[in-house]
Number of protein chains: 2
Amino acid sequence: MSLPHAILTALLEKPSSGLELTRRFDKSIGYFWSATHQQIYRELGRLETDGLIRALPSEQPARGQRKSYEVLPAGRAELARWTAASQDPRPMRDTLLLRMRAAAVVGTAGLGQDLRRHLELHRRQLAEYEEIEKRDFPPGRDSSQDRLRHLVLRAGIDLETFWTRWLTHALEEFPEDVPGPGTA
Amino acid sequence: MSLPHAILTALLEKPSSGLELTRRFDKSIGYFWSATHQQIYRELGRLETDGLIRALPSEQPARGQRKSYEVLPAGRAELARWTAASQDPRPMRDTLLLRMRAAAVVGTAGLGQDLRRHLELHRRQLAEYEEIEKRDFPPGRDSSQDRLRHLVLRAGIDLETFWTRWLTHALEEFPEDVPGPGTA
DNA sequence: AATAGCATGTAATCGGTTACATGATTAT
DNA sequence: ATAATCATGTAACCGATTACATGCTATT
């Protein structure tokens, strides 16, 4: 549904090959729309077939050769159409909240440890976002593009902040079930 | 991945038929793990085959007849195992943030209207959660089960609060593109 | 008895995930 | 030269979504 449009956005920001797109999805784009390289290659094929993008003519299309793509006018038009179209929010699916509710029924044994792990992951993500904000959005710049992209980053920061706070609060319900000596 | 465990949790809270489960997923459970009735019926069949749940013996299993299920000990054990197991967070996929980033490239025309619609949806969801909190978690009760379930609800409230704030802030970037007279 | 809608399903499709394959490039 | 890794794919699977089918119940 949205993967082709994520790719169009990325290619408009900068024409890229499949691998470059994969790298960028691992970094910035994937922060709110993740994709694997298999998805990306398949979708690039479809987008080219549909006439929304094309391979940059300078490169030769042999297997194992880098092939870069750029967006055609039809692709830009499709992205503009999709961006403006009315779309319902996707149904929520959060495993952590589900497990918390399950724990209310079957007990909290073992869950605290994984909550602490998640807390650490969210703290790291938050720190990474804040680094990006410091680097890319210093105070006192404000082109329209910058403001929109900054908004997206702020959403990421605020979401990670929410999770770290919630997990910290939640962990008060969990006794320090120190992991035992185990089998080591 | 998580649907069977969502169903096990729901059935442990209260044995139910397929339709009752569907209703409950539309209400409380579905707030963090949505499912359609087709998914639910298929999964009930699998869970019964696997010996994790069973149909309540009192009811006859004819088509079009209500059939209620309860969780067997093996089902409870599986849910406890899954709840405690270490699980990585799922990759993020948010259409709204993606569209915002696309708008930075192709322009914001038309997007503001849908943002306002989303803002209204999130406000309503927030109001619903706050009603539930007032009704089910009055101040001064604190069984362990209550605290865990309250935590889950607080996550919902805080998430909806985040979205309403973020959307309100984001809309400052959008000129009042009043919908034209249209074709009416 | 006819109709509406309640309750339980089946089938087709589609996107995402995992596992595997293969040609090109780089390092030793 | 060989091995490791880079880069681009293909195939099989799996869960979720959408559309459709069928039997039962209540209303008129």
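By convention in this document, chain letters (A, B, ...) are assigned in the order of the sequence lines, proteins followed by strands, and residues within each chain are numbered from 1. The basis for the numbers below is simple: all heavy atoms, side chains too, and nothing from hydrogens, waters or symmetry mates.
Between the side chain of A/Arg42 and the base of C/dG16 there is at least one donor-acceptor pair of N/O atoms closer than 3.5 Å.
A/Gln39 has a side-chain polar atom (N or O) that falls below the 4.0 Å cut-off from OP1 or OP2 of C/dT17. OP1 or OP2 of C/dT17 lies within a sub-4.0 Å distance of a side-chain N or O belonging to B/Arg93.
Residue contacts for B/Pro91: at a heavy-atom cut-off of 4.0 Å it reaches the sugar-phosphate backbone alone, with no base atom in range. Using a 4.0 Å heavy-atom criterion, one finds that A/Thr22 contacts no nucleic acid atom at all.
With the nearest nucleotide of DNA chain D identified for both B/His37 and B/Arg90, B/Arg90 has the one nearer the 5' end.
The side chain of B/Thr36 sits closest to D/dT18 out of D/dT18, D/dG15, C/dG9. Distances from the side chain of A/Tyr69 to the nucleotides C/dT8, D/dA16, D/dG9 place D/dG9 closest. Comparing C/dT8, C/dG16, C/dG9 by their nearest atom to the side chain of B/Leu19 picks out C/dT8. With D/dT10, C/dA7, D/dT17 as the choices, the nucleotide that has an atom nearest any side-chain atom of A/Gln38 turns out to be D/dT10. The side chain of A/Arg23 has D/dA7 as its nearest neighbour among D/dA16, C/dA7, D/dA7. For A/Leu3, the listed nucleotide lying nearest its side chain is C/dG16; candidates were D/dG15, C/dG16, D/dA16.
For A/Phe25 and C/dT17, the CZ to C1' distance is 16 Å, given to the nearest whole Å. Between B/Leu21 atom CG and C/dG9 atom C1' the separation is 15 Å, expressed in whole Å.
At distances below 3.5 Å, not a single donor-acceptor pair connects side-chain atoms of B/Arg101 with backbone N or O atoms of A/Ala6.
Contact detail for A/Leu126 and A/Ile157: the closest heavy-atom pair is CD1-O, 3.6 Å.
Checked by atom type, the side-chain pair A/Gln87/B/His118 shows no donor-acceptor distance below 3.5 Å.
A salt bridge links B/Arg54 with B/Glu70: at least one charged nitrogen is closer than 4.0 Å to a carboxylate oxygen.
When hydrophobic clusters are built by joining Ile, Leu, Val, Met, Phe, Trp and Tyr residues whose side-chain heavy atoms come closer than 4.5 Å, directly or via intermediates, B/Leu52 is not grouped with B/Leu72.
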